[in-house]
Amino acid sequence: MTAQLQFRNLTLGYDRHPAVHHLDGAVQSGALTAVVGPNGAGKSTLFKGIVGLLRPLAGSISRNGIDPRDIAYLPQAAEIDRSFPINVYDMVAMGLWQRAGLFGGIGREADGKIHAAIAAVGLTGFERRAIGTLSGGQMQRMLFARLLLQDARVIVLDEPFTAIDAKTSADLLALVQRWHGEGRTVLAALHDIDVVKSNFPETLLLAREKVAWGPTGDVLTPENLLKARQMCEAFDDEAGRCAA
Amino acid sequence: MLYDAFIAPFVEFDFMRRALVGIGALSLGACPIGVFLMLRRMSLMGDAMAHAVLPGAAVGFMVSGLNLFAMTAGGLIAGFVVALLAGLVARATQLKEDASLASFFLISLALGVTLVSLRGTNVDLLHFLFGNILALDNETLTLIAISATVTLVALALVYRPLILECVDPNYLRSVSRSGTVAHLLFLALVVINLVSGFHALGTLLAVGIMMLPAVTARFWARDITTMILVAIGAGLFSGYAGLVLSYHSGLASGPAVILVAGVLYFTALLFGNVGGLVRQAFPGRHLEA
């Protein structure tokens, strides 16, 4: 087993205030890891660090040689301008960015892949629909289709099943399992403990600092969850410099 | 009869032909830019940028009179400086682009008008503010044509990142570094087109040929490619019809062009098939599924 992602004394945050504090550990290649923690625990911050949108305040992340831009990333509440005049097919096709780049044409093979991805998330028939007409669940399905096309070694999903009905979550979870089966490394921030227990072998319980990290059964104990909940959310404006 | 009304003016008069070519080339470049400005919610920015061009062109005018190259260079420099500063401020701080540009808006206009008045007459001032599309010389026409060509080629280069930066900026940032470059290039294109529009329509109306066809197209098209084509069509038609209108009625030609574009806009607003008011009020019976 090699570490796909290695965190060394990683501190990430905003305006020098840490949102993820002194995180050490590794995500093994091919692992399926849930990141669990209360709101404000630093889950999204950690993911932004992993995909290179946020520079560490201290410490480092090594990605086993892959470029952060080759990590597929589904942000929480993606800031998508839904009024923009673009249809589902074109939006999903953007998943081919790494191969098509600025000008690469979309040939017959790519066209087949796009249709296959749209079919895999159950949106066949929606190709020509404007994205503004999609429901929340359909939107999330479309974003998963784009993730499928990105064909990335590492996939990071920030609260992918929030405000999504059971049927859609189940369908999308099946895709996550498929990625796991293909040996991809998947991290997902989740709130539903039952979903984590039944689908994710590994869990990182985060509350700004690492509470526990390891096999899901060992991590999600009542004591650990209580500890995570007691974490203080607010930044302390008067906080001194961290000595560690 | 029809020939006399619609074609003869252009056959008979050289200045009408030049005006038509000029406004046509202007539409080809400015209208697609306008569509992107609108979709990026930067419509007002075009206005602010157009005003920013004025003091630069005025400095060029003070140095060497009504000289095309001095005024163009001045306008480009001033426009670029403001565009880059505003863009960088918006990217580096929490101030949004419209806010950082709004502050340049009136300062630039006041400064520009002051500078022109220092040296020129009221006629010069009118020329600066509203242009003179019937007096386009060869150099100006060439300049407009070059800027339209550059615009279309550059837009083709950054088409994907520009679109993606509007729809889903976070995704673009997660897969590519091209977002910032595309954005800055786009700002540069806005400036180039405003400067070339400035020569024909003046600083106050140059934005008109950029924005009005674009917002018109919003009511007729559902996807961006069609929208750009409709906008160019609306721009070309406004140019032609505006010139014909001004020829027969004696109205000032620049404002006539923009007024026709305005009529097209109101028509689209009322009758457009994508969200037009009439369509909203009488949508027809709902469908089965």
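This is a predicted model, so every value here is computed, not measured. Proteins come first, then strands; the chains are lettered A, B, ... in the order of their sequence lines, and each starts at number 1.
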Novice: To the nearest 0.5 Å, how far apart are OG in S83(A) and CZ in R41(B)?
Specialist: 4.5 Å
Novice: Given heavy-atom pairs under 4.5 angstrom as the criterion, report whether the side chain, backbone, both or neither of R177(B) touches chain A.
Specialist: both
Novice: Can you establish whether the number of heavy atoms outside R82(A) located under 6.0 Å from its atom CZ is more than 12?
Specialist: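 Buried by this count: over 12 neighbours within 6.0 Å.
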Novice: Going from CG on L164(B) to CD1 on I86(A), what distance comes out if it is rounded to the nearest 0.5 angstrom?
Specialist: 7.5 Å
Novice: What are the two closest non-hydrogen atoms of W97(A) and R160(B), and how far apart are they?
Specialist: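 Taking every non-hydrogen atom into account, CZ3-CB, 3.9 Å.
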Novice: Is R69(A) atom CZ crowded by more than 12 heavy atoms from other residues, nucleotides or ligands, each under 6.0 Å away?
Specialist: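 Counting other residues, nucleotides and ligands, CZ of R69(A) exceeds 12 neighbours.
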Novice: State, to 0.1 Å, how close C166(B) and F84(A) come at their nearest heavy-atom pair, and which atoms those are.
Specialist: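 Where C166(B) meets F84(A) most closely, the heavy atoms are CB-CE1, 3.3 Å.
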Novice: Between T226(B), V167(B), I224(B), which shows the greatest number of heavy-atom pairs under 4.5 Å with chain A?
Specialist: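 That would be V167(B).
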Novice: Quick one: CG on D168(B) to CE on M91(A), what's the gap to the nearest 0.5 Å?
Specialist: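 Answer rounded to 0.5 Å: 4.5 Å.
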Novice: Is the shortest heavy-atom distance from the side chain of Y171(B) to the side chain of Q150(A) under 4.5 Å?
Specialist: yes
Novice: Side chain, backbone, both or neither: which part of R222(B) has a non-hydrogen atom closer than 4.5 Å to chain A?
Specialist: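 Only the backbone of R222(B) comes within 4.5 Å of chain A.
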Novice: Is it the side chain or the backbone of L172(B) that comes within 4.5 Å of chain A heavy atoms, both, or neither?
Specialist: side chain
Novice: Most heavy-atom pairs under 4.5 angstrom with chain B, which of V51(A), D81(A), N87(A), L53(A)?
Specialist: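 Greatest number of close heavy-atom pairs with chain B: D81(A).
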Novice: Could you measure the distance from the CG atom of D223(B) to the CZ atom of R128(A)? Nearest 0.5 Å is fine.
Specialist: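 One gets 9.0 Å once the value is rounded to the nearest 0.5 Å.
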Novice: Would you give the length of the straight line joining atom OG1 of T225(B) to atom CG of D90(A), rounded to the nearest 0.5 angstrom?
Specialist: 7.5 Å
Novice: Flag yes if more than 12 heavy atoms outside Q280(B) fall under 6.0 Å of its CD atom; otherwise flag no.
Specialist: yes
Novice: Mark yes when over 12 heavy atoms from residues, nucleotides or ligands other than D67(A) sit less than 6.0 Å from its CG; otherwise mark no.
Specialist: yes
Novice: Between Y73(A) and R173(B), is a side chain to side chain contact (heavy atoms under 4.5 Å, CB included) present by the stated rule, with each step listed?
Specialist: CA-CA 10 Å; Y73(A) 170 52; R173(B) 274 201 290 160; over 6 Å; no
Novice: Let me confirm one number: the CD1-OG distance from I50(A) to S174(B), rounded to the nearest 0.5 Å.
Specialist: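 Reported value, rounded in 0.5 Å steps: 13.0 Å.
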